[in-house]
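One structure is given below, encoded as structure tokens.
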Amino acid sequence: MDKNQVAQALEEVATLLQLKKDASPFEVRAYENAARTISALDDDIERLVKEGRLKGIPGLGPTITRRIEELVTSGRLSFLEELRAATPSIKLELLRIQGLGPRRINAIVDQLHIASLEDLERACKEDRVAALPGFGKKTQEKILQGLAFLAEHGHRYLYPVAEAEGLRMREALASRPEIVRVQVAGSLRRRRETVKDIDIVASVADDADSAIRQRVMNFFTGQPGVRQIVSKGETRSSIILASGIQMDLRLVTDRQFPYALHHFTGAKEHHIPLRRRALSMNMTINEYGLFRGKEPDLELVPCKDEVEFYAALGLAYIEPELREDMGEIEAAERGELPTLVEERDLRGVLHVHSVWSDGKNTIRELAEACCERGLSYLGITDHSQSVGYANGLSVENLQRQWEEIDRLNAEFAGRLVILKGTECDILKDGSLDYPDEVLARFDFVIASIHSHFTLSPQEQTERMLRAIANPYVTIIGHPTGRLLLERPGYTLDIEAVIEAAARHGVFIEINASPQRLDLDWRYVRKARDRGILIPIDPDAHSIAGLADMHYGVGIARKGWLSAADVLNTRPLEELVALLQRRKASR
DNA sequence: GCCGTTTTCGGCCCGACTGTTTTCAGTCG
């Protein structure tokens with residue numbers, strides 16, 4: 001049993017507890033805190049339990065410690081099983097409806113005997129929900145809308161979709177004379193791989209009156225492409241766009257802007273320890289400011305931006321991407337935060353498909369595009385022979401492709417170097433799709449899985465480990481195979497993959513395609529900690545796909561990578577030397 | 001359920017908006 005399974009069980013306890021009628025919100029929070037504590041552990045959970053070292057970890061008291069010990073030693077948690085047995089699954093489903101929380105769910109399910117979403121819809125249409133005490137017509141209407149929304153858009157959105165909407169609205173608001181500062185916040189600013197909604201923070205002059213605020217809010221809710229106005233006030237309004245994504249605007253005075261921007265950037269998990277820290281320094285934080293002292297003698301600690309905000313708390317500036325409660329506050333306190341990699345640090349690209357397999361552009365077109373982007377090397381990695389659907393290259397065609405690359409390298413000399421690579425399939429048994437004597441002739445080899453996704457976790461892990469042990473493999477491509485919002489990755493032991501890659505000197509890519517963003521940023525940091533260099537690879541199938549590097553850089557930053565941790569920030573000579581060293585170590 | 005250089009009891013991060021209420025509960029982020 002690993003710590004993630006333990007954390008998941010504790011989170012499930014928290015979710016089920018809040019659906020109990022007499023639930024204490026603080027008990028719920030205790031389990032949520034414990035889940036976070038566990039998932040942030042560096043030590044092996046089984047060893048901690050065996051050695052009795054759970055005690056003393058802040059956030060784990062006697063009860064939760066006992067429950068974790070039961071779970072880890074027996075593989076079961078009787079408390080969780082009792083909660084599951086006592087909680088109708090419909091209550092969990094109803095939690096996904098906007099505007100329905102535990103209290104109302106309990107009222108609905110227990111008093112109206114609702115057992116399915118269809119039951120709830122019928123009860124609304126028959127006005128039985130509105131008749132419940134504390135409910136009314138409008139609440140009932142909101143529930144119906146929530147049901148419809150869940151059916152249509154019960155999912156999250158990929159980063160690029162949300163980014164485009166967010167930037168468009170920011171531009172529109174920035175053009176208004178009432179607006180002083182405006183910024184996209186929320187999970188979008190933190191560059192999460194998917195987002196549920198878009199948060200925008202804007203400021204008006206400190207002396208702006210109610211009429212000015214209303215003008216801004218009218219402008220916001222009156223934008224083209226607004227499908228529905230969810231709520232509208234003078235400090236907060238919420239709309240649903242034609243794409244189905246929800247967008248919130250928070251309006252503050254310009255003096256409040258840095259605090260509000262910080263507040264709405266989140267993550268909530270980052271704020272909780274930060275506020276605790278503030279309290280211990282005799283300060284409090286809310287979205288309108290950082291205050292010293294206690295009510296009613298609060299004194300604003302002036303900050304003109306977030307840098308000063310963190311400084312007032314005795315911390316180095318924490319980049320938005322890092323605000324996930326993953327140890328960033330402790331690192332900021334010690335001044336050990338990394339300088340994060342930026343797009344302009346990239347010197348070349350290593351994972352690009354051409355018309356030789358399933359790409360849309362010729363190598364020459366791709367090379368020109370790389371020159372325009374100021375890159376100095378391009379690794380061409382078409383698919384290998386067994387990938388029929390993607391027009392994988394036979395050994396004969398490889399020979400012809402290499403001749404073309406040689407000609408182009410002569411032509412582009414002094415501007416760009418084209419490297420001979422391959423995205424070689426890892427076959428079912430972990431062997432590679434070209435024989436060793438062919439693999440030996442590439443400048444580098446990306447090995448990826450594109451088939452047999454349903455092997456058992458053990459088989460899938462062994463398959464990957466065998467590929468990593470192959471002395472010709474340079475980079476592991478999209479290591480989990482996930483497609484965001486479509487399918488989970490193949491089940492394998494990613495920690496074992498990282499460990500093996502570190503041992504064999506194999507690089508693991510961040511696949512920058514916004515549907516993949518694989519390796520996940522949570523593991524990027526672990527790979528970095530094991531000394532693995534990470535290439536940021538566009539997996540481009542066209543010139544336009546080269547721009548996906550932008551998303552890969554976001555994930556690299558979330559994974560705490562500095563330029564030195566990224567393979568393709570290296571100048572050509574250094575990259576070639578690294579690839580040759582790999583070859584020589586065989 | 002956890003925690004303690006004020007506390008072993010009484011706190012626990014904080015505020016906006018909505019709707020059903022006549023002062024506040026529920027939900028959300």
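Numbers restart at 1 for each chain; the letters A, B, ... are given by sequence-line order, proteins then strands. Since the model is a prediction, treat every value here as computed from it, not as a measurement.
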Counting any heavy atom closer than 4.0 Å, what does [X] reach on the DNA or RNA strands: base, sugar-phosphate only, or nothing?
X      : result
A:I97  : sugar-phosphate
A:F135 : sugar-phosphate
A:L100 : sugar-phosphate
A:N33  : nothing
A:E141 : nothing
A:G59  : sugar-phosphate
A:P25  : nothing
A:P62  : sugar-phosphate

In whole angstrom, what separates [X]'s [atom1] from [N]'s [atom2]?
X      : N      : atom1 : atom2 : value
A:E269 : B:dC14 : CD    : C1'   : 15 Å
A:L251 : B:dG15 : CG    : C1'   : 16 Å
A:N106 : B:dG26 : CG    : P     : 11 Å
A:H262 : B:dG29 : NE2   : P     : 19 Å
A:I285 : B:dG15 : CD1   : P     : 12 Å
A:L188 : B:dG29 : CG    : P     : 15 Å
A:I64  : B:dC12 : CD1   : P     : 19 Å
A:I57  : B:dC3  : CD1   : P     : 11 Å

Do side-chain atoms of [X] reach the backbone of [Y] as a donor and acceptor pair under 3.5 angstrom?
X      : Y      : value
A:E308 : A:K304 : yes
A:S280 : A:R277 : yes
A:D209 : A:I212 : yes

Given [options], which nucleotide is nearest the side-chain atoms of [X]?
X      : options                : result
A:D248 : B:dG15, B:dG29, B:dC2  : B:dG29
A:R104 : B:dT27, B:dG15, B:dG29 : B:dT27
A:A30  : B:dG29, B:dG15, B:dC2  : B:dC2
A:T139 : B:dC17, B:dG19, B:dG1  : B:dG19
A:L279 : B:dG29, B:dC14, B:dT20 : B:dC14

inquiry  = Judged by each residue's nearest nucleotide on DNA chain B, which is more toward the 5′ side, A:G136 or A:E234?
reply    =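 The residue mapped nearer the 5' terminus is A:E234.
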message = By nearest heavy atom, map A:R236 and A:D197 onto DNA chain B; which one lands nearer the 5' end?
response =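 Per heavy-atom nearest nucleotide, the more 5' residue is A:R236.
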On a whole-Å scale, what distance lies between the [atom1] atoms belonging to [N] and [M]?
N      : M      : atom1 : result
B:dG15 : B:dT20 : P     : 26 Å
B:dC28 : B:dT23 : P     : 25 Å
B:dC2  : B:dT7  : P     : 22 Å
B:dG1  : B:dT5  : P     : 23 Å
B:dT21 : B:dG26 : C1'   : 13 Å

Would you say [X] reaches [N]'s phosphate, i.e. side-chain N/O to OP1/OP2 under 4.0 Å?
X      : N      : result
A:R67  : B:dG1  : yes
A:Y31  : B:dC2  : no
A:K196 : B:dG29 : yes
A:R103 : B:dG26 : yes
A:T63  : B:dC2  : yes
A:S231 : B:dA16 : no

ask   = So, A:Q18 versus A:E27: side-chain donor-acceptor pair below 3.5 Å or not?
value =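 No pair is found: no donor N or O on one side chain lies under 3.5 Å from an acceptor on the other.
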inquiry  = Side chains of A:R192 and A:S187: any donor to acceptor distance under 3.5 Å?
reply    =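 No.
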query = Between A:L158 and A:Q515, is any pair of side-chain heavy atoms under 4.5 Å apart?
reply =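 With C-beta onward as the side chain, the pair touches.
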inquiry  = Using Watson-Crick or G-U wobble geometry with both distances under 3.5 Å, which nucleotide pairs with B:dG11?
reply    =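 Checking every strand shown, B:dG11 finds its partner in B:dC2, with both distances under 3.5 Å.
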message = Can you tell me whether the base of B:dT7 sits syn or anti, using the 90° cut around 0 to define syn?
response =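 The base of B:dT7 is oriented syn (glycosidic angle within 90° of 0).
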message = Can you confirm if the NZ or CZ of A:R176 lies within 45° of the ring axis of A:F219 and under 6.0 Å from the centre of its six-membered ring?
response =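 Because its charged atom sits under 6.0 Å from the ring centre and within 45° of the axis, A:R176 does stack over A:F219.
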message = Aromatic contact between A:Y288 and A:H263, with the criterion being ring centroids under 6.0 Å apart: yes or no?
response =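 They do not qualify: ring centres at least 6.0 Å apart.
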